[in-house]
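Single-structure report; data block below.
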Amino acid sequence: MAQFEYDESGGTSLYFLVSFYALVLFPLTYYLWPSKKEKEDPEKLKTQCQCDPCESKREKLKAAKPAQRIKNILKWFFVFLAWALFIFLAIKASQVERDHIDYDPYEILQVDRGATQQEIKRQYRTLSRVMHPDKGGDPEEFVKLTKAHAALTNEESRKNWEEYGNPDGPQAINFGIALPSWIVDQENSVWVLAAYGLAFMVILPIVVGTWWYRSIKYSAVEVLLDTSQLFLHFIYKTPCMNLKRALMILSGAFEFEKSHNSEVQNRPSDNEELPPLVREFSGDIGMKNKQRPFCYPYSIKARTLLYAHLARVPLPPETLEQDSLYIVKKCPQLIQEMVNTASQLVAWQKFNRVQKEPRLESIENLMKLSPMVIQAAWEKTPLLQLAHFNEETLRMCTSKRRNVKTLGHFMRMKDSDRRHILRHLQETQYQNVLNVCAQLPQLDAEVTLEVLDDEDKATITAGAVVTATVMLYRNSYTISVDSSMLDPDNVPAIEDLNNDVKEIKEEDKTDSPVANKNKHKAWEKQKKKSKGKKAKNKKQMEQAKKKANKAKSQQESAEQNHVEDGAVQEVKEAKEDGSGESGGSESDDEQEETTQEVQAKNSGSDDESANSDSNVDNEEDEWERLQSGITRKEKVLEGKSKDSHEVHCPYFPDVKQEWWWVYLADRKSHRLVTLPQMVYDLKEEKEIQLQFTAPPKGNYQFQLCVRSDSYLDMDLIKPVKFDVKEAKKMVDVDKQWDLSEDEEDKGEAEDSDVDYTTDDEGSDEE
């Protein structure tokens, strides 16, 4: 018979509570444990920019840290209280007395298990004098003592104890439930049901419903679905999009509207502070545009603040500046969603789901918005990314004598010329400029095209799936004291060299008086100059290659002749020792024969060694290719990190990391070949894969584009040339089984001589 009872003392329920509490406490402690503050690198502090905007940004970020410090203190306090409660419950559980104790008569009588009957009786009499109720003892303890004596002296009691563990015989089995009795008490039943109803019928549905209704408003990248639909509509409607149109579409995002985003603030001061700013940029923001939602007040305000940000116009710090920082902080995420939406339209057009797709220039204009917003500069003024640069400094750089418009040209200048342009800056300010230049990225890339599913991976056929393996290399610019001449080892591509030559030509043209006297047509003159210079560069490169190949071939031939001469000399010495004196003509003939034999042997050995070396190289290449495929699969399973290099962006309100869009494009047809892929963790080098379907037979030249989302004028565009062969004809499998009548008769005659049949023949007979 079994009996169920609730925990009256609360000991069992305490064990259950401690166990369940530990299951919640351990992961919660790991989640809430405050992270250690990273110590700032002293070398990094020396090389970081100390300009006024950067210092102001650091102060704002530090001002936001006290709130984070308060949060960490609250986390520590909560974790401390949780562990203190756990320790208290554990101590209480350890002090609970055990209800079930194994019955042992020897322990009750305080005798050894090998005691005799006389020793047991003597011990019983001794203890009964002390524990008898008449002598002031405990009645319950005396009953236990009597049962223990009977269990060891009475045969029936002893038998019951040995079989059932109790001198009285079999007892009822008790099962305890780890819940205190007051929970099932009839007096408290109403309150218990009310607690269950509140927890499972009110609190839980509210929490789940709040999470659900909020999550269905946002996409996977935390952008409102209404905003994504807005971007999809207007990007599809305007396949040819300039920067101003892209800014207008960006300003229509519903993240800037109060009813969709509770973080947006509509200030009463906007009625006084915003109209003058709108009049200042009235020619750019499109006030006459009546298209919804761009004519709504929230879109006009967002667009006006974006133009003011790009122009670096000072705003009221307590009102419009706060709104501008909030809008700018949201923009990179929204621009990335715009690029993804345009890429989605390109993919849909390939499957004929839409009629038209955005042009390549439109997608690239969307990408240009991101570095423009982060650096607070327009596309044509990349020098404003440097410290202490303003409109006056730009006019000094873009004068007719210097004509410095790009960051690459500025960093390749002589240090004396660069210092002369920035002569109005102090030494510390000039050092800040050099520090920022040293942080800028310098990219290089290697592209390998393969057809992974084909045996001949290097041959690209029409319609094949081509995998472009792109290896990106990221370095920082090194500014030397005298950088007037480029180091040929550091030149990433011929295009960069041609651009430099064009820039130098423009400087020479503007400086020389002869160029100003002969005023012919500008386009004819530039065309001749560029052609001559390109031809000159090509000739110089070809001559250098020829000299290098010639020197290498001479060195190889000299080594080979040296080996042959040594072998011939050995043969000569052997002949002289063996034959002694002989005729001159015979010795000459023998020498010629020996030289021919040696040369033949050397050529044979060279061929064998070359073949063996080539086989070894092929095996090593195959092994490296297999290993790279394995490591590439392993990397796919790893989580994506978003830490690369910190961006110098004093006008962006938050810390920004370098991210890159990588894609293949065909500029002749103004189309994307592969969808843009975002690279988040380019520290030194990074390997990525892009796939596309090979076009019809012919020679093609695509462009590998690597665009920064943080810097202007830091993009890499590299040509990718390849030849597409005609697709292989499919072998008709049925033809190889077509046999003539003679062959069939011959096959039947041969089959008749065979004693055994194959499975196919057996099935045919059946």
Salt bridge (Lys or Arg N to Asp or Glu O under 4.0 Å) partners of [X], counting only residues at least two apart:
X: Lys405; result: none
X: Asp454; result: Lys728
X: Glu392; result: Arg395
X: Arg359; result: Glu361

With sequence neighbours left out, write down each residue that passes ring-ring contact (aromatic ring centres under 6.0 Å, His included) with [X], or none if nothing qualifies.
X: Trp348; result: none
X: Tyr477; result: none
X: Tyr700; result: Phe722
X: Tyr307; result: Trp378

Inset, instruction - Among residues two or more places apart or on two chains, list those pairs meeting salt bridge (charged side-chain N to carboxylate O under 4.0 Å, His left out) that have a residue in residues 369-387. - result: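 For residues 369-387: Lys368-Glu379.
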Legend entry - Where at least one partner belongs to residues 297-306, residue pairs that pass salt bridge (charged side-chain N to carboxylate O under 4.0 Å, His left out), sequence neighbours excluded: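 For residues 297-306: Asp270-Lys301, Lys301-Asp323.
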Could you report the tightest heavy-atom contact between [X] and [Y], atom names first, then the distance?
X: Leu407; Y: Pro382; answer: CD2-O, 3.9 Å
X: Leu383; Y: Thr406; answer: CD2-O, 3.8 Å
X: Met413; Y: Ile421; answer: CE-CD1, 3.4 Å
X: Leu345; Y: Pro358; answer: CB-CD, 3.8 Å
X: Leu305; Y: Leu277; answer: CD2-CD2, 4.1 Å
X: Met471; Y: Glu687; answer: SD-CB, 3.5 Å

Would you check if there is a donor-acceptor pair between the side chains of [Y] and [X] at a distance under 3.5 Å?
X: Asn261; Y: Tyr326; value: yes
X: Glu337; Y: Ser228; value: yes
X: Asp666; Y: Ser669; value: yes
X: Ser299; Y: Ser251; value: yes
X: Gln431; Y: Asn435; value: yes
X: Gln677; Y: Tyr663; value: no
X: Gln691; Y: Thr467; value: yes

Legend entry - Trace of the salt bridge (Lys or Arg N to Asp or Glu O under 4.0 Å) decision for Glu364 with Arg667: CA-CA 12 Å; Glu364 290 181 342; Arg667 299 200 174 275; 2.8 Å; yes
Legend entry - ring pair (Phe, Tyr, Trp, His ring centres under 6.0 Å) contacts in which one or both residues fall within residues 242-261, not counting sequence neighbours: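 Listed once each, the pairs are Phe254-His260.
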Inset, instruction - Go through the steps for Glu685 and Leu472 under the test side-chain contact (heavy atoms from CB on, under 4.5 Å), then give the verdict. - result: CA-CA 5 Å; Glu685 59 182 36; Leu472 296 177; over 6 Å; no
Inset, instruction - Could you tell me whether Glu222 atom CD has more than 12 heavy atoms of other residues or ligands within 6.0 Å of it? - result: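 Atom CD in Glu222 is packed in, count exceeds 12.
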Inset, instruction - Could you tell me whether Lys258 atom NZ has more than 12 heavy atoms of other residues or ligands within 6.0 Å of it? - result: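 Result for NZ/Lys258: enclosed.
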Inset, instruction - With side-chain contact (heavy atoms from CB on, under 4.5 Å) as the test, would you mind laying out the steps for Thr461 and Val451 before giving the verdict? - result: CA-CA 9 Å; Thr461 57; Val451 183; 5.8 Å; no
Side chains of residues 231-240: which donor-acceptor pairs under 3.5 Å do they make with residues two or more places apart or in other chains?
unit_1	atom_1	unit_2	atom_2	d
Thr238	OG1	Phe234	O	2.6

Gap between atom [atom2] of [Y] and atom [atom1] of [X] - 0.5 Å precision:
X: Arg312; Y: Gln375; atom1: CZ; atom2: CD; answer: 7.5 Å
X: Leu672; Y: Gln349; atom1: CG; atom2: CD; answer: 11.5 Å
X: Ile249; Y: Leu369; atom1: CD1; atom2: CG; answer: 9.5 Å

Legend entry - Derivation and outcome, salt bridge (Lys or Arg N to Asp or Glu O under 4.0 Å), residues Arg707 and Asp709: CA-CA 7 Å; Arg707 292 195 173 272; Asp709 79 323; over 6 Å; no
Legend entry - Step-by-step side-chain hydrogen bond (donor to acceptor under 3.5 Å, both in side chains) determination, Thr393 to Asn390: CA-CA 5 Å; Thr393 312; Asn390 50 27; 2.8 Å; yes
Legend entry - Identified side-chain contact (heavy atoms from CB on, under 4.5 Å) counterpart of Lys217 within the set Leu224, Thr227, Asp226: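 Going through the options one by one, the only one that passes is Leu224.
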Inset, instruction - Verify side-chain hydrogen bond (donor to acceptor under 3.5 Å, both in side chains) between Ser476 and Arg474, making sure each step is shown before the conclusion. - result: CA-CA 7 Å; Ser476 298; Arg474 195 268 187 202; 2.9 Å; yes
Inset, instruction - For Glu646 and Lys656, run salt bridge (Lys or Arg N to Asp or Glu O under 4.0 Å): C-alpha distance rounded to whole Å, both residues' side-chain angles, the deciding distance at 0.1 Å, then the answer. - result: CA-CA 6 Å; Glu646 188 174 334; Lys656 183 69 175 66; over 6 Å; no
Inset, instruction - May I ask you to decide whether Glu658 forms a salt bridge with Lys683, counting only side-chain N to carboxylate O separations under 4.0 Å? - result: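 A salt bridge is absent here (no side-chain N lies under 4.0 Å from a carboxylate O).
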